[in-house]
There are 2 protein chains.
Amino acid sequence: MADSVSESTRQTLDRLYDDSEERLTSLFELTPDDGEIETTRAVFKALSNEHRIRVLEALREGELCACELQAILDAPQSTVGSHLRELKDAGLVKTRRQGKWTYYRIGDTAVLQLLDIAVALGRETE
Amino acid sequence: MADSVSESTRQTLDRLYDDSEERLTSLFELTPDDGEIETTRAVFKALSNEHRIRVLEALREGELCACELQAILDAPQSTVGSHLRELKDAGLVKTRRQGKWTYYRIGDTAVLQLLDIAVALGRETE
DNA sequence: CAAACGATTCGATATATAACGATATGGAAT
DNA sequence: ATTCCATATCGTTATATATCGAATCGTTTG
């Protein structure tokens, strides 16, 4: 584990700490396992697109069918479709099929919490 | 505004609603303005990378210098540097310079809230 | 003030993501 | 069954992001 660190990094730590080995070990304890990082990244990745954010914002009020979302995004059907699929794959929306129509809704209210916090954070960063 | 909608989308809405024009107008009210969407997107984009998530997780406990973060990521200095710059540009971390070292810390606890919610959301989606 | 060293930026290449026309799928109505 | 329609998927091309060696910048320290 600790011996996977590059030479230059190790040298820096050696200079910085009396017991660099111990420090390295405690540093590595700060990092979550790969699986958790990856699932977290997938959530943020799905949220990091203008069209997908617009869809989720629109779904705050309740479910909408794909064609309504298409009107909101004002983009070609294939483009909208692939974004909806991505949101669904990420678990951020759920679908309900009624006849020819597919209705989309927010999959978990935690999604709205994420949006709220990010909006506030973005505003203060501006 | 409403006349920017493509022909096929309009036709679909025409079939779907008696007053498609009114429906279109109310749909457009669901979408936030471009500026807000963009700042929100910027926050999520900065968060949608394995290395950057690892950095933020590591900073939960308190500030760390760039070289320690380099040890945690175990990546070349230039790679780590560009991720740190991106986090700083997005306002997610703040820096403090002491002598030769630059110390990084979480810029706003809202960042940790975002991470917590996304981790939980990712876990249940898996 | 010059050497040393960590941090930052630059530039080229590799990889990932987005867009969207064309086509397929599946339900409903005639 | 055939046709129509909403949605989903595929495949290609365009755009964006990540990586990392090399060069540069800013401080500290001798």
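What you see is a predicted model; the values in this text were computed from it and never measured.
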Rounded to the Å, how far apart are [X] [atom1] and [N] [atom2]?
| X | N | atom1 | atom2 | value |
| --- | --- | --- | --- | --- |
| B/Arg85 | C/dC10 | CZ | P | 8 Å |
| A/Asn49 | C/dC20 | CG | C1' | 14 Å |
| B/Leu84 | D/dC20 | CG | P | 15 Å |
| B/Gln70 | D/dG21 | CD | P | 11 Å |
| A/Trp101 | D/dA6 | CH2 | C1' | 8 Å |
| B/Arg41 | C/dA18 | CZ | P | 10 Å |
| B/Gln98 | C/dA7 | CD | P | 12 Å |
| B/Ile53 | D/dA18 | CD1 | C1' | 15 Å |

From the options [options], select the nucleotide whose nearest atom is closest to the side chain of [X].
| X | options | answer |
| --- | --- | --- |
| A/Lys45 | D/dA8, C/dA19, C/dA18 | C/dA18 |
| A/His51 | C/dG27, D/dT17, C/dA19 | C/dA19 |
| B/Thr79 | D/dT7, D/dC20, D/dT17 | D/dC20 |
| B/His83 | C/dT17, C/dG6, D/dT19 | D/dT19 |
| A/Cys65 | D/dA8, C/dA7, D/dT7 | D/dT7 |
| B/Ser82 | C/dA28, D/dT28, D/dT19 | D/dT19 |
| B/Cys67 | D/dA8, C/dA7, C/dA19 | C/dA7 |
| A/Pro76 | D/dA8, C/dA7, C/dG21 | C/dG21 |
| A/Ser78 | D/dT17, C/dC20, D/dT19 | C/dC20 |
| B/Glu86 | D/dA18, C/dA28, C/dA18 | D/dA18 |

(message) So, OP1 or OP2 of D/dA18: does either fall under 4.0 Å of a side-chain N or O from B/Arg52?
(response)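 Looking at the OP1 and OP2 atoms of D/dA18, one of them is under 4.0 Å from a side-chain N or O of B/Arg52.
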(request) Respond yes when some side-chain nitrogen or oxygen of A/Tyr104 is under 4.0 Å from OP1 or OP2 of D/dA8, and no when none is. (result)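 Yes, A/Tyr104 has a side-chain N/O under 4.0 Å of OP1/OP2 on D/dA8.
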(message) Applying side chain to side chain contact (heavy atoms under 4.5 Å, CB included) to B/Arg60 and B/Asp116, what does each step give before you reach the verdict?
(response) CA-CA 11 Å; B/Arg60 273 182 188 276; B/Asp116 289 339; 2.6 Å; yes
(message) For B/Pro32, is there any backbone N or O sitting under 3.5 Å from a side-chain donor or acceptor partner on A/Arg54?
(response)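 Such a contact is found between A/Arg54 side chain and B/Pro32 backbone.
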(message) I'd like to know if A/Gln77 reaches the base of D/dA6 with its side chain, counting only an N/O donor and acceptor under 3.5 Å.
(response) no
(message) I'd like to know if B/Arg41 pairs up with B/Glu38 as an ion pair, taking the criterion as any Lys NZ or Arg NE/NH1/NH2 lying under 4.0 Å from an Asp or Glu carboxylate oxygen.
(response) yes
(request) Please say whether more than 12 non-hydrogen atoms of neighbouring residues, nucleotides or ligands are located less than 6.0 Å from CZ in A/Arg105. (result)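 Yes, because the 6.0 Å sphere around CZ of A/Arg105 holds more than 12 heavy atoms from other groups.
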(message) Quick check: closest heavy atoms across A/Leu84 and A/Val93, and the distance to 0.1 Å?
(response) O-CG2, 4.4 Å
(request) Please answer: with hydrophobic residues joined when any side-chain heavy atoms are less than 4.5 Å apart, are A/Ile117 and A/Ile53 in the same cluster? (result) yes
